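Read the structure below first, then the notes.
Chain identifiers are assigned alphabetically (A, B, ...) following the order of the sequence lines, protein sequences preceding nucleic acid strands; residue numbering begins at 1 within each chain. From a predicted model like this one, the values you see are computed outputs, not experimental measurements.
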Amino acid sequence: MKKQWTNQEVAELLRAVAAAYEVRNASKFKVIAYDRAATSVEHLTTEIKDLWDEGKINEIPGVGPSIAQHLDELFAKGQSSHFREVMKGLPPAMFELIKISGIGPKTAFKLCQSLKIWRKKGALERIKKAAEEGKIRRLPGFGEESERKIKEAVTQAKLKKKEKPRMLLPYAAELAKKIIAYLKSSPWVEDAQPLGSLRRQCATIGDIDIAVKTKKPKKVVAFFLKFPQIKQVLNQGEKKASVVLRNETQVDLRTQDAQTWGSMLQYFTGSKHHNIALREWAQKRGLSLSEYGIKKVKTGKVIRTKTEEEFYRYLGLPWIPPELREDQGEIEAAQKNKLPKLVSIKDIKGDLHLHSDFDVEPSHDLGKDDMETMVKKAAQLGYQYLGFTEHNPSISQHTSQQIISILSRKKELVEKINRTCAKKLNIKVLNGLEVDILPDGRLALPEKAFALLDYVIASVHTSFHQPKEKMTQRILTALDFPKVRFLGHPTGRKLEMREGYEVDWEKVFAKVLKNGQFLEVNAFPDRLDLPDFLVKEAIQHGVKLVVNTDAHQVEHMELMPYGVAVARRGWARKKDIVNTLPWRKFAKVFKIHYN
DNA sequence: GCCGTTTTCGGCCCGACTGTTTTCAGTCG
């Protein structure tokens, strides 16, 4: 039986080859090449096996003729003779060790060789034991301190066998706010900003990066290290420090003075790949970039910038929004002055996915707040319209007649609100429903009930593990039902919980376009679905999106900025999002008939 | 080993911190 290689497995193999080359003291550029190929495969948005089937493996950035040939053999025969050759004679255990923070290829090899640890299985336990027995400190190049650190790292990795979980964006944002507030209470702190993946508004956040503007870096570092929630200091220097908080979150702090603040913001916002690409780009123009500024290689003169705008401007580029800094073509677009003007939270005119407490006797969870409260909130948020879309009444526990009766009552209530409170607030309330897509693609709603609704959200809530073909057909079938305006949380992913289901997106894009429908960007923190890369693909296909909160209580309506952030990361402009349209125009494209 | 808006050859991002060293290699972001 032939092995089905996943992207993660291929990336891990390439990384192992890079490590093997490093131990063998091969050219460091060869090592970097393999490492880059690994990262590139890891970040693919399609399965590498599918690319290979289509003969497109050489289109992967960082994969050239040599690596492509080895991968070809890998997929055809199940293994690559070249990779095997490179790793031959090296202890398999070292490839397990390099997954531990602080242990690189050289250290891993030295440990395995000196301690005679060969097999992968039990490698970590044997390292730990050797450390406890004081054997590591006696090895050349090691000492007591390194032994202690290795023991600690190995022990901790064992505790969290699974990969360290990432935080949801809003959680990380709240935590960062507290740290920033603490830092700003120091007289030496002129400014403090959360940067890194938080500033880029990634869906999940690994650690929190903070930059501080100051003339007294040492004092700021010392002050930071007194933050009450710190559990452990990973490292501390004159201008930076890394710590772990009691909730296991790592926080990295860097300092810079006001004159150099622009380059620090740029450097520490990343992403790493954006920075590398930008530095290579600058290098070709005789410039060398770092957090200290822009250095002219010829003269050695360093240009310091107070703002990020100045930094990019000096490079001859417009300022690039942080959400785009992922080395996904943004530098080229900036150079050609073709960066998109991204949608902003101020553009949003309505929320079309809200669950009120009106009891439709649904199979899924009901909202907590009444319609009037939510309408008032919508007005506060400056919206012109909103739509209530409770889950459909459970079809297993109701007759069609009962369902129609429930939905008739809901229709009357919405009409009443439109005549009273909504009218006063000059806001339109739509009567929608979020309806389950059954495993065969039918919608969980009796035929006659559709007439009672302004629109329907079609969503998958069950049977996530159908094969790609079947899931695609299921969704296509559902989209052809009447009144369906958009597909809710289209991939079904739950961040840090489950992957989305397999779908042929090209076919879904085509169907949605043909039917004049939309795809949702769901702003709920554990969904953020469509994901950013699919937002980008959808837009490239001309598909329009609708950004909603999926609020189940009034406070959730404030989550809209996170949905907008995902859209921005997917290069969405105002015109790509239908609920940026003012009411009349929106009603037309959303096919709502009103008096 | 990869790659091309000065190159199909000759380059390849940049700096901080740590530990074990007497000048630097390894690792990280």
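- The side chain of R285(A) sits closest to dT6(B) out of dC2(B), dG1(B), dT6(B).
- The CZ atom of R279(A) sits 8 Å away from the P atom of dG15(B) (whole-angstrom rounding).
- To the nearest whole angstrom, the two C1' atoms, one in dG10(B) and one in dT6(B), are 13 Å apart.
- Distance from the side chain of K106(A) is smallest to dT27(B) among dG15(B), dG1(B), dT27(B).
- Across all strands shown, dT8(B) has no partner, as no Watson-Crick or G-U wobble contact with both distances under 3.5 Å is found.
- Considering only the side chain of E145(A), dT20(B) comes nearest among dG29(B), dG1(B), dT20(B).
- In this structure, the CD atom of Q256(A) is 9 Å from the P atom of dA16(B), given to the nearest Å.
- Proximity note for S66(A) (side chain, C-beta onward) versus dG29(B), dC2(B), dA16(B): the nearest is dC2(B).
- Residue A33(A) has its side chain nearest to dG1(B) when only dC17(B), dG1(B), dC12(B) are considered.
- OP1 or OP2 of dC14(B) lies within a sub-4.0 Å distance of a side-chain N or O belonging to S288(A).
- In the set dG1(B), dG15(B), dC12(B), the nucleotide with an atom closest to the side chain of Y292(A) is dG15(B).
- Nucleotides dT21(B) and dG26(B) are separated by 13 Å at their P atoms, to the nearest Å.
- Against the 90° criterion about 0, the sugar-base torsion of dT7(B) places it in the syn range.
- Nucleotides of DNA chain B nearest to A108(A) and I32(A) differ in position, and the one nearer the 5' end is that of I32(A).
- Taking the C1' atom of each, dT8(B) and dC13(B) are spaced 23 Å apart, rounded to whole Å.
- The local environment of CZ in R148(A) is crowded, with over 12 non-hydrogen atoms from other residues, nucleotides or ligands closer than 6.0 Å.
- Straight-line distance from the CZ atom of F268(A) to the C1' atom of dG29(B): 8 Å, rounded to whole Å.
- For dC17(B), neither phosphate oxygen OP1 nor OP2 lies less than 4.0 angstrom from any side-chain nitrogen or oxygen of Q236(A).
- Contact between the side-chain N/O atoms of R36(A) and the OP1/OP2 oxygens of dC13(B) is found at a separation under 4.0 Å.
- Rounded to whole Å, atom P of dT6(B) lies 10 Å from atom CH2 of W281(A).
- The number of heavy atoms from other shown groups lying within 6.0 Å of CD (E238(A)) does not exceed 12.
- Within the nucleic acid shown, Y267(A) comes within 4.0 Å of at least one base atom, counting heavy atoms only.
- Base contact: I276(A) has a heavy atom under 4.0 Å from a base atom.
- Proximity note for E291(A) (side chain, C-beta onward) versus dT27(B), dA16(B), dG19(B): the nearest is dA16(B).
- Comparing dG29(B), dT27(B), dG19(B) by their closest approach to the side chain of E22(A) singles out dT27(B).
- Along DNA chain B, the nucleotide closest to I67(A) and the one closest to K149(A) are compared, and the more 5′ of them pairs with I67(A).
- Remark: P of dG26(B) and CG of N25(A) are 8 Å apart, rounded to the nearest angstrom.
- Residue E144(A) is in sugar-phosphate contact alone, with no base atom involved, counting any heavy-atom pair closer than 4.0 Å across all strands shown.
- Whole-Å rounding puts the R138(A) CZ to dT20(B) P distance at 15 Å.
- For the pair N58(A) CG and dC2(B) P, the interatomic distance rounds to 11 Å; values are reported in whole Å.
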I208(A) and D252(A): side-chain contact (heavy atoms from CB on, under 4.5 Å), yes or no, with the steps? CA-CA 6 Å; I208(A) 292 181; D252(A) 298 330; over 6 Å; no
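- Nearest to the side chain of E280(A), among dC2(B), dA16(B), dC12(B), sits dC12(B).
- A salt bridge links K336(A) with E332(A): at least one charged nitrogen is closer than 4.0 Å to a carboxylate oxygen.
- Among the protein residues, V63(A) comes within range of the sugar-phosphate backbone only, with heavy atoms under 4.0 Å from sugar or phosphate atoms but none that close to a base.
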Audit row: Q4(A), K49(A), side-chain contact (heavy atoms from CB on, under 4.5 Å) steps and yes/no: CA-CA 8 Å; Q4(A) 278 293 333; K49(A) 194 76 193 327; 3.7 Å; yes
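- Proximity of S242(A) to the phosphate of dC28(B): no side-chain N or O atom is located under 4.0 Å from OP1 or OP2.
- At dC2(B), none of the side-chain N or O atoms of Y34(A) fall inside 4.0 Å of OP1 or OP2 (strictly under the cut-off).
- Side-chain N/O atoms of Y171(A) and N247(A) include a donor and acceptor closer than 3.5 Å.
- Using atom C1' as the reference point in both dT23(B) and dT18(B), the two lie 15 Å apart (nearest Å).
- Centroid-to-centroid, the aromatic rings of Y182(A) and F223(A) come within less than 6.0 Å.
- In this pair, H273(A) and H43(A) present their aromatic rings perpendicular. The plane angle is above 60°, beyond the 30 to 60° band.
- Taking atom CD of residue E238(A) and atom P of nucleotide dG15(B), one finds them 17 Å apart after rounding to whole Å.
- Among the atoms of the strands shown, only primed sugar atoms or phosphate atoms (P, OP1, OP2) are found under 4.0 Å from some heavy atom of L289(A).
- Listed nucleotides: dG29(B), dG26(B), dA16(B). Nearest to the side chain of T107(A): dG26(B).
- Distance check on atom P: dT22(B) versus dG15(B) gives 26 Å, rounded to whole Å.
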